[in-house]
There are 2 protein chains.
Amino acid sequence: MTTVNALSEIAALMGDPARASMLSLLMDGRAHTASDLAHTAGITAQTASGHLARMVEANLLAARAQGRNRFYRLASPEVAHAIESLMALAGTRAAPASKSAAWRRDPDLRFCRTCYDHLAGQVGIAVTDSLTRQGHLEPKGPRDWQLTPSGELFCDRLGVDLGTARHASTRHFARQCLDWSERRPHISGALGAAIADTFFKRGWAERLRRSRTVRLTDSGRRALGSHFGATV
Amino acid sequence: MTTVNALSEIAALMGDPARASMLSLLMDGRAHTASDLAHTAGITAQTASGHLARMVEANLLAARAQGRNRFYRLASPEVAHAIESLMALAGTRAAPASKSAAWRRDPDLRFCRTCYDHLAGQVGIAVTDSLTRQGHLEPKGPRDWQLTPSGELFCDRLGVDLGTARHASTRHFARQCLDWSERRPHISGALGAAIADTFFKRGWAERLRRSRTVRLTDSGRRALGSHFGATV
DNA sequence: TCAATCGTTCGGCCACGACCGAAGTATCAT
DNA sequence: ATGATACTTCGGTCGTGGCCGAACGATTGA
């Protein structure tokens, strides 16, 4: 294969409107699910799946499976750079990673939200980081954590319902879940749900209706400081 | 939405094998006739004519009529930069085995070539490395360099036309350009063009006809050693 | 276990665009 | 003038590839 053919193949991948839409969304530097990308491109899931597979094959994208979801992101900064230089030709500048429209549009969603039934966003990450930093949570396998003895004690004091959480034997207890806004894993599974439940029961956080957005109350902010040693 | 369509349209233009062949030839920075480009792409003149018209329309190419001939060239250094960054992606794309095969197919191109109007390949990198190593060039921002006082002196002694280079105010003076074969930045912009010009004027290098490939002369090889402290 | 959700593979339809032959317009040479 | 060369426009063929419906596989939660 010559360099010319390689050039045309890469450019042709970016040259399809649907794929370009996906790449443009991924220019925010974060990972997105296949459904999310399909919806953005305005095509069905099965069509998107083919597109995504081709772009992974060509090393434009990297994929990571997580539960039922598959998260796709740009494979490297070089890919982003190439896309940006193409956009520069069109006279419109590529949006820098930190200035995505969706990013600015929903600062609250980025701050705190529910992910299924557990906390995500900056607050979810703050809680997770606190637990690992204090030695309450330690890695167990590639995608799970386990509670240490000190972690059990900590949760008991906090009022987290560990009994129910452990009783849900069909569910992962302390699962890692990739946070799409922070791009790092936060705590999910039965333990993550139990912790989120505690936040709601003790009035530290409250759901906004018709939205995944979660508002951290004043007492919640204080609790984050006193119990988790975190300021957000 | 507009920016996405623009991205796909530009990329789609580069994504056709015939057009990619033409663009690749035009990466030598010179102007070529329509027949020349058609022959390179392996298509008939009338097909090439359509391709060229579309690329002019999209501001990828600029055309100039001269007698019976029409000469086409890349419309701007930005176009060259976009193509180069796509080629950089293509280098990492292929599987290791087929990559080295393609790699060996163009050893001369990898050694030294023009990237629009400046030097690329091992020689381009050798020059750039020498300038930074000797403190003639220092980083200025994420994608630019600036010439130090010692660098100015060095260029003057070499016979590089700094006055003209600085006078081109519409253009970046010392830009970083990612070298697709060496995978590291080499010097481009007005200074890169002036340095390349010096290499050609002093007989250190000469272009091969109908190709981006540049041949380093014996005196050029000696000059690299004496002026740049580099052996290639 | 069952149901729901997310993602993929398969098969077939169909449009876009690359391609060439033929013909038309300049420009140059003799 | 006539012919030759360089390039373009037009018309029609045809293959590649994007698209969706349907069915299947995987993971999660009740």
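Please read all numbers here as calculations on a predicted model, not as lab measurements. Convention: sequence-line order gives letters A, B, ...; per-chain numbering from 1.
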Checklist entry - Where the side chain of A/Arg54 is defined as all heavy atoms beyond and including C-beta, which of C/dG17, D/dG18, D/dA6 is the nearest nucleotide? => result D/dG18
Checklist entry - Does B/Arg70 place a side-chain N or O at less than 4.0 Å from the phosphate oxygens OP1/OP2 of D/dA6? => result no
Next on the checklist: Heavy atoms from C-beta onward define the side chain here; which of D/dA22, D/dT8, D/dG18 lies closest to that of B/Ala45?
Outcome noted: D/dT8
Next on the checklist: Taking A/Asp129 first and then A/Arg133, would you say they form a salt bridge - that is, a charged N and a carboxylate O separated by under 4.0 Å?
Outcome noted: no
Next on the checklist: Measuring to OP1 and OP2 of D/dG18, would you say a side-chain N or O of A/Thr47 lies under 4.0 angstrom away?
Outcome noted: no
Checklist entry - When all nucleic acid strands are considered with a 4.0 Å heavy-atom cut-off, which category describes B/Ala34: base, sugar-phosphate, or nothing? => result sugar-phosphate
Checklist entry - Just checking B/Phe71: base, sugar-phosphate only, or nothing, at a heavy-atom cut-off of under 4.0 Å? => result nothing
Checklist outcome for this item: Taken to the nearest whole Å, CD1/A/Ile43 to P/C/dC14 is 20 Å
Checklist entry - Rounded to the Å, how far apart are B/Leu52 CG and D/dT8 P? => result 7 Å
Checklist outcome for this item: Picking from D/dC19, D/dG18, C/dA4, the nucleotide nearest the side-chain atoms of A/Arg68 would be C/dA4
Checklist outcome for this item: From NE2 of A/His118 across to C1' of D/dT28 the rounded distance in Å is 13 Å
Checklist entry - So which one's nearest nucleotide on DNA chain D is more toward 5', A/Gly42 or A/Gly189? => result A/Gly42
Checklist entry - In whole Å, what is the span from the CG atom of B/Asp16 to the P atom of D/dG17? => result 11 Å
Next on the checklist: Atom NE2 of residue position B/His39 - does it have more than 12 heavy atoms of other residues, nucleotides or ligands inside 6.0 Å?
Outcome noted: no
Checklist entry - Taking the side chain of B/Gln46 as heavy atoms from C-beta outward, which of D/dT9, C/dC19, C/dT8 is closest to it? => result D/dT9
Next on the checklist: Salt bridge or not between B/Arg175 and B/Glu84? Use side-chain N to carboxylate O under 4.0 Å.
Outcome noted: no
Checklist entry - Less than 4.5 Å apart, any side-chain heavy atom of B/Leu61 and any of B/Leu26? => result yes
Next on the checklist: Rounded to whole Å, how long is the line connecting atom CZ of B/Arg19 with atom C1' of C/dC19?
Outcome noted: 12 Å
Item to check | Among C/dC20, C/dT8, D/dG18, the one nearest A/Ser49 by side-chain distance | outcome: C/dT8
Next on the checklist: From C-beta outward on A/Asn69, which listed nucleotide comes closest to its side chain: C/dT8, D/dC19, C/dC6?
Outcome noted: C/dC6
Checklist outcome for this item: B/Met55 atom CE is separated from C/dA18 atom P, nearest whole Å, by 10 Å
Checklist entry - Going by an N to O cut-off under 4.0 Å, is there a salt bridge joining B/Asp117 and B/Arg171? => result yes
Next on the checklist: Between C1' on C/dG17 and CD on B/Glu9, what's the gap in Å once rounded to a whole number?
Outcome noted: 14 Å
Next on the checklist: Taking 4.0 Å as the cut-off, does a side-chain nitrogen or oxygen of B/His51 come that near to OP1 or OP2 on C/dG17?
Outcome noted: no
Checklist entry - According to a strict under-4.0 Å criterion, is A/Thr44 in side-chain N/O contact with OP1 or OP2 of D/dC20? => result yes
Item to check | Whether A/Phe228 and A/Phe199 hold their rings parallel, tilted or perpendicular, with breakpoints at 30° and 60° | outcome: tilted
Checklist entry - Whole Å only: how far is the NE2 atom of A/His39 from the P atom of D/dC20? => result 13 Å
